[in-house]
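This report refers to the structure that appears directly beneath it.
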Protein chains: 2
Amino acid sequence: MTRKPSYSSPPVDSVDPKAVLEVCLCHGVRRASRAITRTFDAALAPSGLTSGQFGILAAVAALQSMPVPVLRGVLAMDRTSLNRTLKPMEVNGLVAIVPGAGRRASQVEITPEGLQAFREAGPLWRAAQSDAAERLGTARIGQLIAGLDVATGLFDQ
Amino acid sequence: MTRKPSYSSPPVDSVDPKAVLEVCLCHGVRRASRAITRTFDAALAPSGLTSGQFGILAAVAALQSMPVPVLRGVLAMDRTSLNRTLKPMEVNGLVAIVPGAGRRASQVEITPEGLQAFREAGPLWRAAQSDAAERLGTARIGQLIAGLDVATGLFDQ
DNA sequence: CAAATAATGATGTATATGCATCATTATGAC
DNA sequence: GTCATAATGATGCATATACATCATTATTTG
């Protein structure tokens, strides 16, 4: 018998929706990011900082002061998104954005209030992170963070 | 000589900002999510779908139709956030939200247009995913996705 | 069945995130 | 020094994400 061409069936290169849910790196990381962010946001809430703001403060606190483009690299964040995110933090006095002396790019500096907020949030973060390590196991959380770091490096830009 | 109490030095339980950048699960997953999302969004752009919309279509396509709360669970997304996200997709004709017959919750259904959009985006997604697997290596990407899945399960709710 | 409790949907508010774009400024090439 | 190129900052637009809250509707208990 002759084989009928099945124009209505999926082409051989069609994508199985279930496979996307199971193996898509983007879907997986976004889903985890939502769940984890909710947990950390709740843990940090008493400090008045969001998880994103806490991370930014950590980066700026680590170096005291840095050019905005450098911070962009550290956070793997879009240029304009970072500027937007820094706005409310500047308004709230957590950071200061000072025009680069001479001809350099603007510097982001942590303010005393920002440092104070970071220090106050520290124990809250530590508790959340410890809880995460306990849930995942130290081996698994280490492996996970290492994998995320590699992925960030490979995909940023 | 007597040891002076150093009230101005950091308390023993203070948090090192550099440590936060290196080990914080939340910071790590958010940063990776940004970088990876940018890449997948760019890859899917020709289809008119965002990475988030593609993931939602995959979930709905996998089951044809499902109650909104079930979809919320699949995506590990906040209840109200999901409703908001579905709005433009409904407006664009990608999904239909039909009131549950009788007394059940609303069902999300994929429309023919939605299925068409998903199929068209399929090859774009496959290319992005293959590229990701190539960059990370099949072993590492598998391990990473597995870890993200576990974390999602542990933190969701 | 009625009351208490839980689930759901809708909105207001706020941060988060990125693309496209425009204007300005810095940097390099010549 | 001038011109081309690149980097930076600012905006408009759009999606993404979540909390708090209110109203409505199920569900469960008594």
Side-chain angles (χ1 to χ4, degrees), chain A residues 26-27 29-46 48-56 67-73 75-92 94 97-108 155-157, chain B residues 26-27 29-46 48-56 67-73 75-92 94 97-108 155-157:
Chain A
C26 187
H27 179 255
V29 76
R30 287 171 60 86
R31 194 169 46 135
S33 178
R34 285 191 292 263
I36 294 171
T37 296
R38 278 198 302 272
T39 300
F40 275 74
D41 274 346
L44 292 175
L49 296 176
T50 65
S51 54
Q53 292 171 338
F54 181 75
I56 291 177
V68 175
V70 171
L71 182 57
R72 187 222 78 80
L75 301 172
M77 189 180 289
D78 174 79
R79 194 170 61 89
T80 64
S81 297
L82 177 56
N83 284 335
R84 287 271 169 77
T85 300
L86 287 175
K87 275 284 168 53
M89 295 181 70
E90 189 184 20
V91 170
N92 293 340
L94 297 173
I97 301 173
V98 302
R103 56 204 170 284
R104 288 182 296 266
S106 298
Q107 295 263 327
V108 188
F155 287 99
D156 192 23
Q157 303 313 333
Chain B
C26 188
H27 180 256
V29 76
R30 288 170 60 86
R31 194 169 45 135
S33 178
R34 284 191 292 263
I36 294 171
T37 296
R38 278 197 302 272
T39 300
F40 274 73
D41 274 345
L44 292 175
L49 295 176
T50 65
S51 54
Q53 293 172 337
F54 181 76
I56 291 178
V68 176
V70 170
L71 182 56
R72 186 221 78 80
L75 301 172
M77 189 181 288
D78 174 78
R79 194 169 60 88
T80 65
S81 297
L82 177 56
N83 284 334
R84 286 267 168 77
T85 300
L86 287 175
K87 275 284 169 54
M89 296 182 70
E90 190 184 19
V91 170
N92 293 341
L94 297 173
I97 302 173
V98 301
R103 56 204 170 285
R104 288 183 295 265
S106 298
Q107 296 263 328
V108 186
F155 287 99
D156 191 24
Q157 306 306 336

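The sequence lines fix the lettering, A, B, ..., with proteins before strands; numbering per chain opens at 1.
Applying the side-chain contact (heavy atoms from CB on, under 4.5 Å) rule to Asp41(A) yields the partners Thr37(A), Thr50(A), Ser51(A); only residues at least two apart in sequence or on another chain are considered.
Residue Asp78(B) has its side chain nearest to dA18(D) when only dG18(C), dA18(D), dG9(D) are considered. Nearest nucleotide to the side chain of Gln53(A), out of dC19(D), dG18(C), dT15(C): dT15(C). Distance from the side chain of Thr85(A) is smallest for dA16(C) among the nucleotides dA16(C), dT11(C), dA18(D). Side-chain proximity of Thr80(A) to the nucleotides dA18(D), dT17(C), dC19(C) is greatest for dC19(C). Of the candidates dG12(D), dC19(C), dA18(D), dG12(D) carries the atom nearest the Arg84(A) side chain, counting heavy atoms from C-beta on. For Arg79(A), counting side-chain heavy atoms from C-beta on, the closest listed nucleotide (dC19(D), dG9(D), dT17(D)) is dG9(D). Closest to the side chain of Asn83(B), from the set dG9(C), dA18(D), dT17(C), is dG9(C).
In this structure, Arg34(B) does not pair ionically with Asp78(A), as no charged nitrogen and carboxylate oxygen lie closer than 4.0 Å.
Regarding Lys87(A), its NZ atom lies at a distance of 11 Å from the P atom of dG12(D), rounded to whole Å. Per the geometry, CG belonging to Leu82(B) stands 17 Å off P belonging to dA7(C), to the nearest Å. Residue Leu75(B) contributes atom CG, which lies 9 Å from atom P of dT17(D) at whole-angstrom precision. In this structure, the CG atom of Leu44(B) is 15 Å from the C1' atom of dG18(C), given to the nearest Å. Summarising the geometry, the separation between CD1 on Ile56(B) and P on dT15(D) is reported as 12 Å, rounded to the nearest angstrom. In this structure, Arg30(B) places its CZ atom 9 Å from C1' of dT17(D), rounding to the nearest Å. Rounded to an integer number of Å, the gap from CZ of Arg34(B) to P of dC19(C) is 13 Å. Leu86(A) has its CG atom 14 Å from the C1' atom of dT8(D), to the nearest Å.
If you find the closest nucleotide of DNA chain D to Ala42(A) and to Met89(B), the one lying nearer the 5' end belongs to Met89(B). Comparing Gly52(B) and Val68(A) against DNA chain D, the residue whose closest nucleotide sits nearer the 5' end is Val68(A). Comparing Asp41(B) and Asn92(A) by the nucleotide of DNA chain C whose heavy atom lies nearest to each, the residue mapping closer to the 5' end is Asn92(A). Position along DNA chain C of the nearest nucleotide to Pro88(A) versus Arg38(B) favours Pro88(A) as the more 5'-ward residue.
Atom CD of Gln53(B) is separated from atom OG1 of Thr85(B) by 8.5 Å, given to the nearest 0.5 angstrom. A distance of 10.0 Å separates CG of Leu94(B) from CD1 of Ile56(B), quoted to the nearest 0.5 Å. Taken to the nearest 0.5 Å, the OG atom of Ser33(A) stands 10.0 Å off from the CZ atom of Arg38(A). To the nearest 0.5 Å, the span separating CE on Met77(B) from CG on Asp156(B) amounts to 10.5 Å.
Of all heavy-atom pairs between Cys26(B) and Ile36(A), the closest is CA-CG2, 3.8 Å.
Within the 4.0 Å cut-off from OP1 or OP2 of dA16(D), at least one side-chain nitrogen or oxygen of Thr50(B) is found. OP1 or OP2 of dA18(D) sits under 4.0 Å from a side-chain N or O of Ser81(B).
Side-chain contact check for Asn83(B) versus Ile97(B): every heavy-atom pair is 4.5 Å or farther apart.
End-to-end axis angle of the helix from dC1(C)-dG30(D) to dC30(C)-dG1(D), using five pairs per end and rounding to 10°, comes to 30°.
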